[in-house]
Every structure is written in C-alpha cells, then in structure tokens.
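First comes the structure, then the notes that go with it.
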Number of protein chains: 2
Amino acid sequence: MNNGRFPISLHILTLLARAEGSLLSSDFIAGSINCNPVIVRKEISNLRNSGLVESKEGKNGGAALAKPAESIMLSDIYGAVRQSSLLGNSRNTPNPDCAVGRDINTHLEHLYAEVEDVLVNKLHGISLADFSRQFD
Amino acid sequence: MNNGRFPISLHILTLLARAEGSLLSSDFIAGSINCNPVIVRKEISNLRNSGLVESKEGKNGGAALAKPAESIMLSDIYGAVRQSSLLGNSRNTPNPDCAVGRDINTHLEHLYAEVEDVLVNKLHGISLADFSRQFD
DNA sequence: CATTCTGTAATTAATGTTATTACAGTACAA
DNA sequence: TTGTACTGTAATAACATTAATTACAGAATG
C-alpha cells in the first residue's frame, strides 16, 4: 500500500473524532486534506462499509463516527483501506521450471502474512482517540 | 512500497544464496523471475551499493552474495529497497489553517516510525539463509 | 420547491513502475 | 588481438495505478 488512502482515511477520521458527533461535509474535510471532495466521499463510503463512519444525505448532511473514537483501532482503518500486500508483489509469474521461481510466491505469501501480523498487532494497540488526542 | 522491488531483490538473493558462490548472470536470474534483465542489473546495482552482493563484469561475469546468507537479514533487504513510507503519504500538503491539517504530517511521521520499527524488528529475525532453506 | 448536501459513474490528468533499446566498457579465451 | 559474453547505465517508451475532475441523480431541509 503506497497510495494515500491510509493517511486520507486517518485524516478524515481524526476530523470526525474531533467534531464529536456533529456532521462534517465532504467539502470541509477536503479543505483540510487539500484534495478533491469526491475523493473524500469515496473514502467515507469505504469507511461506512467497514462500519467506522455513518453519513447523512441532503441539506445539512455530512459524516460522523459510527462509534466512539476509543473503540476504533488503527488496525481497523488499516483493514478498511488495505488492498495489496505490504511489501509488494512482482507483476510477472515466475518461472515454474526453476526451483526458486516455482515456490517463491508461496513462501512470500507466508512471509508477508507473518510480517503483516506484527504490523496489525501494533496498530491494534493504538486507538483513533489516542491519535486524535495529539492535536489538542 | 507497493512496487515489486522487495520481492525481486529477495528472489535475486535467494538464487544467489543457493548458487553458493558461483556467479549467476542477469539473464539467468531474469529467466527465473520472468522480468527484463536490465531490471535485474539495476536491482543488483542497488544491492551492491548496500553491500549485500558483489558482481563481476565481462565474459563469465555475474553476481554472487557479498557475505554469508546467514548474515544477511531480511531487514537489510528491506532497507536496501525501501523508498517510501510503509503506509503511504498523501500527495497534497494539508491545510495549515486547520488544527488537524497543520500537524497531521508530524504525527503521521511519528506513527510510521513506530510501526516501521516493529516491522523491521520482525524482518531482522529472519535471515536470507532461513528464507532460502525453504526451497530445499 | 429552491438549496445544499451525498453517492456514484465516467472520464481525464498526473504519476509511478517496468520493459525495451542502445551502447560503452570489461574480462576471457582462442 | 580480436570475437564473444557479460555488466553498467542512460534514455525512452509502454503500461499500470492513482487522484482529480465533470456530471448528474437523489435525499433532506427550510
């Protein structure tokens, strides 16, 4: 994952945590992140699917946390945005006639699972409340 | 890091570990990875700069490990290829007039440093010898 | 019922990554 | 001493991914 989705989602959630329940519009959030509001709405849509955020349409609509910031762990955010393996994958399928090429993807997957496990454990120890408290 | 550099470098090094000192050509290695030999030469050049590999030009040239596979840790490989933060960065600079926007990059950096630390520790516990033994 | 907002699709623009081409230089071996 | 088989590296092109933009239907409010 080397795109901006994790930091953008964390930014959104930090703003929502600090808004303490009042609805924030995608325009306002985009103004803080300095990105396009459609990107914000897409990320909010994703966070909603993960149960972290709820949103309201129409005039005076916007988004708010779906549960207390104390109970949202950074690992939840990571899980919501994760899409590819942490340390990358080669684009081509390795040569099956080579002892290393044949099995490397299996062993890589195993390694990545182990490594991601320690990362997720670490993130599981930090709540959104912890993170957003730093801005006080 | 979401490109293929880590897996490609690990693939190269695994082949070299198993070659036990005999030189492998970039063409041979590229054949196992199934990528372009120039990519292999570039990665080898990078690994050489990190002191993990040595190579010889000219006829019958090629690459070999610069030190025993037992003393090359996966964290060394990670360090050799790492170029961007693990969990990504937003492309735009956030709004400095917003309490969150103003400080989020500082807090993100701090978080990333902590998280990367546990990842590197994990990788530091696995040697290239450990990894390549799996292919026996 | 005009206004302000979300939700989402479709397109374009920007960026990042890998492949390819090209060629100079090195080492070996006949 | 010259042909051959390699590395090293730059420059470019092809491809993939990511973010921005445009467009518009639909929801809630006053």
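All figures in this text were calculated on a predicted structure; none of them were measured in a lab. First the proteins, then the strands, lettered A, B, ... as listed; each starts at 1.
Out of D:dA19, C:dG25, D:dA27, the shortest distance to the side chain of B:Glu57 is found at C:dG25.
Nucleotide C:dG7 holds its P atom 12 Å from the NZ atom of A:Lys56, rounded to whole Å. Put simply, CG on A:Asn46 is 12 Å from P on C:dG7, counting in whole angstrom units. Here C:dG16 presents its C1' atom at 17 Å from CG of A:Asn89, a figure rounded to the nearest Å. With rounding to whole Å, A:Asn49 atom CG is found 10 Å from C:dG7 atom P. Going from atom CZ of B:Arg91 over to atom P of C:dA13 covers 15 Å, rounded to whole Å. Between B:Glu43 atom CD and C:dA19 atom P the separation is 11 Å, expressed in whole Å.
Under the 4.5 Å side-chain criterion, counting only non-hydrogen atoms from C-beta, B:Ser32 is in contact with B:His11. Side-chain contact between B:Asp136 and B:Arg133 is present, with heavy atoms from C-beta onward closer than 4.5 Å. Within the 4.5 Å cutoff, the side chain of B:Ile33 has no heavy atoms near those of the A:Pro94 side chain. You'll find the side chain of B:Ile77 reaches within 4.5 Å of the side chain of B:Leu74, heavy atoms only.
Looking at residues two or more places apart in sequence or on another chain, you find no ring pair (Phe, Tyr, Trp, His ring centres under 6.0 Å) involving B:His110.
An OP1 or OP2 oxygen of C:dT15 is reached within less than 4.0 angstrom by no side-chain nitrogen or oxygen of A:Asn3. For A:Ser45 and C:dT6, the shortest distance from a side-chain N or O to OP1 or OP2 is not below 4.0 Å. For B:Asn60 and D:dC6, the shortest distance from a side-chain N or O to OP1 or OP2 is not below 4.0 Å. In this structure, A:Arg41 does not reach the C:dC5 phosphate: none of its side-chain N or O atoms is under 4.0 Å from OP1 or OP2. Phosphate contact (OP1/OP2 of D:dT7, side-chain N/O of B:Lys59, threshold under 4.0 Å): absent.
Atom CZ of B:Phe28 sits in a sparse spot, with 12 or fewer heavy atoms from other residues, nucleotides or ligands closer than 6.0 Å.
Remark on DNA chain D: of its neighbouring residues B:Ile44 and B:Ser90, the 5'-side contact belongs to B:Ile44, judged by nearest-heavy-atom nucleotide. With DNA chain D read from its 5' end, the first of the two nearest nucleotides for B:Asn92 and A:Gly58 is the one closest to B:Asn92. The residue among A:Ser55 and A:Lys42 whose nearest nucleotide of DNA chain C is located toward the 5' end is A:Ser55.
A heavy atom lying under 4.0 Å from DNA chain D marks the following residues of residues 22-39 of chain B, by number: B:Ser25, B:Ser26, B:Val38.
Although no hydrogens or angles enter the test, the distance criterion places no donor-acceptor pair under 3.5 Å between the side chain of B:Asn34 and the main chain of B:Gly31.
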